[in-house]
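The structure appears below as structure tokens.
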Amino acid sequence: MARRNLGRMMAERGPAQDPADSFDTQPTGNTFYSYGNLTPQRMERIFKLADNRGRVDLIYRLYDDMEENDLRYYGILNQLRSTIARMPLRVMEAEATTQQDKQMAKEYKDYAKEALRGLDMHSLVQEMVEPYIRGAMLYSIDWEQKDLPFRRAMYFPSNIERVDGRHLLEEIGNMNEHFGELKVRTTENPAGQPIAELPDENHIFLERKQGRKRYSQIGVARKVLPWYLSLRYIKTWWVQYIENYGSPLRIGKYPRSSKKSTRNKMKKFLKKLGRDGYGLFPSGMEIDMIDVNKQGRINVHQQFIDLAHQEYSIAILGQAGTTGENSGGYAETVELNGIRLDILENIAEIVQKGATKLVKKGLRLNYGDQYEDYLAPRVRPILLNDRNAQQRAKAAQILSEMNVPVPMSHIYENILGAESPREGELVSHGGEVKEAMEDLSQMDAPLRDQQSTQVRDADTGETSVAENAEQDDGTVD
């Protein structure tokens, strides 16, 4: 039914304007980057180029390598993304006063639902977590015109892709009006086109916070980057340590007069001799198994790795104790799926901005100058922690009993996680389906909630039922 009503209030039967072509990214040139040769000196050069010369593409490339090569880091990010992606998206209709505005707000909401329904929102929401991780992210949008009933047509988003961070730079020209802003390498402008100059409808730009002149530093991935780099060397040193001190050395002894062929035969035996292997040697030759295990505190590498993984959890999820570490002060805060709730709320705000921007861009394409921004719906993930929701509901009940007014919008949105019913909308109320009234307090109470009192006649002994006893005339004490 909603699809049949789409576009009724457009000035024309078709979209008011056509979208601009999507931009093509330009392949990256020299990056001075080689993952296999990330020495401390090379890392220092990468940081200087990113922080002082606008080469944020190098940092984004390093973030990709972190996720690809560190299983713990990847697991924590996957926990974060999957938690957000499981949350239902709620399209919140804008408040309106006039009848015409209400109809327009309803049509905008129906468009938003139809637009989001045509996308893989589970994957898209996970992609919109990236600004929290990396600091900022650019997405390209493709549009498709679809036919609707009554010979109407509208543009809907058909595909949204994250632009690889390798194509992003920061403007370093202090005489440029876009100084400190991000720009993207495109086919038309390989040196980088400021994102602010891209056509509005072909992209979405999201950032964790205002990142101008510091885009290489604002993501949480940058906070754990020193730990990741340290782990690279610690793991290498640990392997070398185990090679030197973790297993016995196989030493073969032979007489000075032994032939070269005899020594080569012994060498082959030693190479083949493993943990559970054995060797056969001619008389006069011997093999000694020398244990060189180092005594004392030799678990310093493991302790450092555990500490680094704990710092991953604290920086990204807001606490320790979520991926196997011991619990601590961070773990005592309100959490959802092992993630601090305030961090999830922060990410949900980023997702809300991204989804709402997408809907607004589509509405502008279709309605043109007729579009009213104040009537556009909001799209937000609903984050409800069961235990916390019960506590909020109890608090609202206590306030109500104390005659402290509690806004219904707060109860519906923040406690129930549901939309407030609109006048005339079919709702479930007291086990019955009925139309909602504009004043929800005027709706008839469900029968099971109606109070009744049995009244006994003193003379006849018969009883009758008085509904809503508080309205009784008071003849029976």
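Values below: all heavy atoms of this structure, side chains included; hydrogens, waters and symmetry mates excluded.
Asn366 and Tyr371 share no side-chain donor-acceptor pair at under 3.5 Å. Remark: the Glu207 side chain and the Tyr215 side chain contain an N/O donor-acceptor pair separated by less than 3.5 Å. Defined by atom type and a distance below 3.5 Å, a donor-acceptor pair is present between the side-chain atoms of Ser216 and Asp51. Side-chain polar atoms of Tyr228 and Asp65 form no donor-acceptor pair below 3.5 angstrom.
Ala221 and Tyr73 get closest at one heavy-atom pair: CB-OH, 3.4 Å. Taking both residues in full, the closest heavy atoms of Phe205 and Met137 are given as CD1-O, 3.5 Å, listed atom of the first, atom of the second, then distance. Across Ser82 and Gln79, no two heavy atoms sit closer than the pair OG-O, 3.2 Å. Ala112 and Val91 make their closest contact through CB-CG1, 3.9 Å (heavy atoms, listed as atom of the first residue, atom of the second, distance).
Residue Arg13 qualifies as enclosed at atom CZ: its count of foreign heavy atoms under 6.0 Å is above 12. Heavy-atom neighbours of Gln100 CD from other residues, nucleotides or ligands within 6.0 Å: at or below the threshold of 12. Within 6.0 Å of CD on Gln370 lie more than 12 heavy atoms contributed by other residues, nucleotides or ligands.
Between Ile305 and Leu231, the closest side-chain pair of non-hydrogen atoms falls below 4.5 Å. Contact annotation: the side chain of Gln193 approaches that of Leu198 to within less than 4.5 Å [non-hydrogen atoms, C-beta and beyond]. Put simply, the side chain of Tyr139 reaches to within 4.5 Å of the side chain of Glu130, judged on heavy atoms.
Partner of Val129 under the side-chain contact (heavy atoms from CB on, under 4.5 Å) criterion, out of Thr83, Leu77, Ile84: Ile84 alone.
Look at Asp373 and Arg364 and you find a salt bridge, because one of the NZ, NE, NH1 or NH2 atoms lies within 4.0 Å of a carboxylate O, short of that distance. Note on Arg152 versus Glu107: no salt bridge recorded, every NZ/NE/NH1/NH2 to OD/OE distance being 4.0 Å or above. At a threshold of 4.0 Å, the pair Asp57-Arg61 does not count as salt-bridged, since none of the basic side-chain nitrogens sits closer than that to a carboxylate oxygen. Salt bridge annotation for Lys357-Asp200: absent, with no cationic side-chain nitrogen under 4.0 angstrom from a carboxylate oxygen. A salt bridge between Glu44 and Lys48 is present, with a side-chain N of the basic residue lying under 4.0 Å from a carboxylate O of the acidic one.
A distance-only check finds no donor-acceptor pair linking the side chain of Asp110 to the backbone of Leu6 [under 3.5 Å]. The backbone N or O of His203 lies less than 3.5 Å from a partner atom in the side chain of Lys361, making a donor-acceptor pair. No donor-acceptor pair under 3.5 Å is formed between the side chain of Thr356 and the backbone N or O of Arg378.
The CD1 atom of Ile347 sits 10.0 Å away from atom CG of Asp342, with the distance rounded to the nearest 0.5 Å. Note that the CZ atom of Arg45 and the CZ atom of Arg53 stand 10.5 Å from one another [nearest 0.5 Å]. The CG atom of Leu363 sits 11.5 Å away from the CD atom of Glu372 when rounded to the nearest 0.5 Å. Leu124 CG to Ile160 CD1: the interatomic distance, rounded to the nearest 0.5 Å, is 5.0 Å.
Relative ring orientation between Phe156 and Tyr111 is described as parallel, the plane-to-plane angle staying below 30° on a 0-90° scale split at 30° and 60°.
With sequence neighbours excluded, the residues forming a side-chain contact (heavy atoms from CB on, under 4.5 Å) with Glu201 are Pro19, Ala20, Trp143, Pro199, Leu365, listed by chain and number.
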Full working for side chain to side chain donor-acceptor pair (under 3.5 Å) between Tyr60 and Asp164: CA-CA 8 Å; Tyr60 278 55; Asp164 197 306; over 6 Å; no

